[in-house]
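Let me begin by presenting the structure, written as structure tokens, before commenting on it.
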Amino acid sequence: MCCSVSNRWDALLPVSLPYSVVWYDETVPLGDEGFATKLREVATPCEAPDEWHYEHEEVVVYDEGGKMIKRTDGPLMPPILA
């Protein structure tokens with residue numbers, strides 16, 4: 001994983017492509033640096049994972065305005081499109 005950020009919301013948003021894929025570890029406290037990590041930027045939300053491996057983690061796709069476009073929780077939850 002790359003581009004770990006702490007409280008800098010802007011660092012999670014896309015810069016080069018229309019969407020960013022952000023990984024959240026819900027076992028880490030909210031203000032901690034490892035809570036949110038920008039994985040990569042993608043051209044379409046379809047390029048983000050549709051399933052995730054661990055219940056305490058989730059992957060969220062944001063557009064450049066910070067709107068949640070897609071969310072994928074742990075193995076028991078299907079992806080949710082906003």
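Here the structure is a predicted model, which means the values were calculated and not measured.
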Would you name the heavy atoms of [X] and [Y] that are closest together and state the gap between them?
X     : Y     : value
Leu12 : Lys38 : O-CD, 3.8 Å
Pro45 : Ile69 : CG-CG2, 3.6 Å
Val28 : Gly34 : CG1-C, 3.9 Å

### Message
Treating Ser20 as the side-chain partner and Glu41 as the backbone partner, does any N or O pair qualify as donor plus acceptor under 3.5 Å?
### Response
no

### Flag, side chain of Thr72 to backbone of Pro49, donor-acceptor distance under 3.5 Å
yes

#### Entry: Tyr24: partners by ring pair (Phe, Tyr, Trp, His ring centres under 6.0 Å), with sequence neighbours left out
Phe35

### Task
Indicate yes or no: at least one non-hydrogen side-chain atom of Glu55 is less than 4.5 angstrom from one of Thr27.
no

### Message
Taking the side chain as everything from C-beta on, heavy atoms only, tell me whether Tyr62 gets closer than 4.5 Å to Val60.
### Response
yes

### Query
With sequence neighbours left out, what residues match Asp63 under side-chain hydrogen bond (donor to acceptor under 3.5 Å, both in side chains)?
none

### Task
For the pair Val21 and Val59, evaluate side-chain contact (heavy atoms from CB on, under 4.5 Å) and give the outcome as yes or no after the intermediate values.
CA-CA 7 Å; Val21 180; Val59 175; 3.3 Å; yes

From [X] atom [atom1] to [Y] atom [atom2], the distance as rounded to the nearest 0.5 Å:
X     : Y     : atom1 : atom2 : answer
His56 : Asp25 : NE2   : CG    : 4.5 Å
Cys46 : Lys70 : SG    : NZ    : 6.0 Å
Thr44 : Leu17 : OG1   : CG    : 10.0 Å
Leu13 : Lys67 : CG    : NZ    : 14.0 Å

### Summary
For Glu26, the side chain to side chain contact (heavy atoms under 4.5 Å, CB included) test, sequence neighbours excluded, returns Glu58

### Query
Would a hydrophobic clustering, with Ile, Leu, Val, Met, Phe, Trp and Tyr connected at side-chain separations under 4.5 Å, put Leu30 with Trp9?
yes

